[in-house]
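First listed ligand is number 1; within each ligand, the first listed atom is number 1.
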Amino acid sequence: MTELLEKDRNFIWHPYTQHKTAMQPFEVVWAEGSFLYTANGKSLFDAISSWWVLLHGHCHPYLIAKVQEQFSRLEQVLFAGFTHQPAVLLAERVLSLLPSQFSKVFYSDNGSTSVEIALKMCIQYWHNQGKSRKRILAFRHAYHGDTFAAMSVSERSMFTNPFSEFLFPVDFIDPPLRKSERGQSLQQMEAALSKEEYAAFIFEPLVQGSHGMLMQDADELSQLIQYAQEHNVLCIADEVMTGFGRTGKLFASEFLTCQPDIMCLAKGLTGGTMPLAMTICKEKIFEGFLSENKEHALYHGHSFTANPIACAASLASLDLLMKKECIDARKRIAENHSNFCKTIGEDTQAKHWFKDLRQQGTILAMEWNSSEQTGYTNKLRDEMYSYFIERGQLLRPLGNVLYILPPYCATAQDLEQTYSTIMDFGRSHFGSVQSSDAWKEV
Ligand SMILES: *Cc1c(COP(=O)(O)O)cnc(C)c1O
């Protein structure tokens with residue numbers, strides 16, 4: 001063990017890590033484009049965009065230049081009673097890119113917090129009017145972050161179990177997954193809304209990330225939003241993962257015919273270089289806080305609200321994101337993915353390895369057949385993780401769901417390498433069995 005790893009073991013508590021059994025971490029020394037380089041001379045293709053944040057690759061020279069420029073002018077200032085150019089220009093820019101008319105941007109610094117703020121906005125919106133709308137409606141299999149309100153509106157699981165008594169009650173309905181029975185989610189929403197006046201309905205639009213890259217039908221989701229809004233329920237689209245081009249459009253909400261009242265953005269906002277988040281609302285919500293009564297203000301804020309360097313990084317990232325080159329790259333990645341799915345479908349062996357292949361834009365999810373139930377603790381997960389790392393591929397399967405969510409600078413050759421490693425894994429894992437009937441039982 002190197003000296004640094006020894007100090008890591010002595011001093012660090014890592015996220016999402018059972019330290020009793022975890023492998024020792026990889027020490028990353030530098031990174032460029034789609035690759036991470038480790039202290040022991042390994043290169044890793046960052047096929048999951050460093051936890052879904054990276055857009056244009058690591059250490060992009062344009063982002064570095066813009067960040068340096070901002071750092072030397074204004075690096076941080078309180079955001080109550082003060083403002084600055086990067087925050088204002090970024091808000092104006094993001095509002096102009098959204099699929100419908102949003103009005104105000106509230107800054108914070110991570111996805112979970114952007115969700116907390118969205119929920120607080122909704123709850124206080126009704127409180128300010130003296131209305132007793134207190135319950136929240138959410139989707140099963142949801143993930144909205146790790147702080148308490150964000151956990152409350154997420155699927156209850158081993159991640160939230162120790163805190164269950166401390167989470168506020170939420171009603172859950174089934175998401176309108178592509179494979180589920182049509183109309184089922186709407187029926188559940190109708191039943192829920194007939195019993196309760198909800199403050200808000202929160203959802204990950206089109207792709208539910210953490211619970212296995214589950215993918216929804218856009219028309220059905222639009223119907224749900226429309227129905228909720230007809231019943232005065234405020235709709236929150238958590239686009240923390242789906243924002244900034246991942247799903248094939250700039251925002252997943254662009255696929256919808258009915259728009260949310262609040263949108264949460266984080267992860268890709270700064271191109272994955274720095275923590276920054278936005279909770280964006282429609283005018284009527286902002287107006288619900290305007291009052292002569294001081295108690296009607298939203299008393300929420302963080303030390304680093306709208307940090308100028310993070311805002312400058314975001315403006316620079318948006319410059320790159322809107323370039324034809326980047327738009328073409330996103331299209332090409334989606335094509336690469338769908339061609340790979342086609343190849344699998346035509347492969348007499350490989351087509352039996354998967355329970356489901358699903359794709360939305362640049363996100364490809366592959367659910368392997370497994371004797372165990374689909375889920376985060378599925379044993380295939382550790383086997384796959386090690387297999388791919390040993391072959392220079394950073395993939396972090398969600399149980400038996402392997403997914404690729406690459407940065408937009410990933411080349412066709414990079415992806416080809418990932419695809420062929422996946423095929424190798426399939427052959428080595430399922431390969432000794434010859435008859436295709438053998439797959440059907442698992
Ligand atoms: C990652 C994620 C969050 C939480 O964001 P953090 O920045 O990790 O706190 C919230 N919602 C969704 C949909 C996410 O994917």
- Does the Ser114 side chain pair with the main chain of Cys264, one donor and one acceptor, at a distance under 3.5 Å? no
- Query: So is Trp52 close enough to ligand 1, meaning a heavy atom under 4.0 angstrom away?
  - Reply: yes
- Check Val240 against ligand 1 and report side chain, backbone, both or neither, counting heavy atoms closer than 4.0 Å. side chain
- Note on the structure: shortest atom 6 (P) of ligand 1-to-protein heavy-atom contact is with Gly111 N, 3.4 Å
- Quick check: does any side chain N or O of Gln259 sit under 3.5 Å from a backbone N or O of Gln101, one acting as donor and the other as acceptor? no
- Query: Is Thr83 reaching over with its side chain to a backbone N or O of Phe79, donor-acceptor style, under 3.5 angstrom?
  - Reply: no
- Query: Can you list the steps and then say if Leu318 with Leu97 is a side-chain contact (heavy atoms from CB on, under 4.5 Å)?
  - Reply: CA-CA 10 Å; Leu318 288 176; Leu97 295 173; 4.0 Å; yes
- Query: Run the side-chain contact (heavy atoms from CB on, under 4.5 Å) check on Ser314 and Leu90 step by step: do they pass?
  - Reply: CA-CA 7 Å; Ser314 303; Leu90 179 61; 3.5 Å; yes
- Task: Please verify whether a non-hydrogen atom of Val115 lies at under 4.0 Å from ligand 1.
- Result: no
- Which one of Met241, Lys267, His211, Glu204 has a non-hydrogen atom at the shortest distance from atom 14 (C) of ligand 1? Lys267
- Counting from 1, what ligand 1 atoms have a heavy atom of Ser112 closer than 4.0 Å? 4 (C), 5 (O), 6 (P), 9 (O)
- Per-atom filter on ligand 1: closer than 4.0 angstrom to a heavy atom of Asp238 are 10 (C), 11 (N), 12 (C), 13 (C)
- Side chain, backbone, both or neither: which part of Ala266 comes within less than 4.0 Å of ligand 1 when only heavy atoms are counted? neither
- Message: Please check: side-chain N/O of Gln70 versus main-chain N/O of Leu74, any donor-acceptor pairing under 3.5 Å?
- Response: yes
- Message: Could you tell me, atom by atom, which parts of ligand 1 come under 4.0 Å of a heavy atom of His144?
- Response: 10 (C), 11 (N)
- Task: Would you confirm whether Tyr408, through its side chain, and Ile333, through its main-chain N or O, come within 3.5 Å as a donor-acceptor pair?
- Result: no
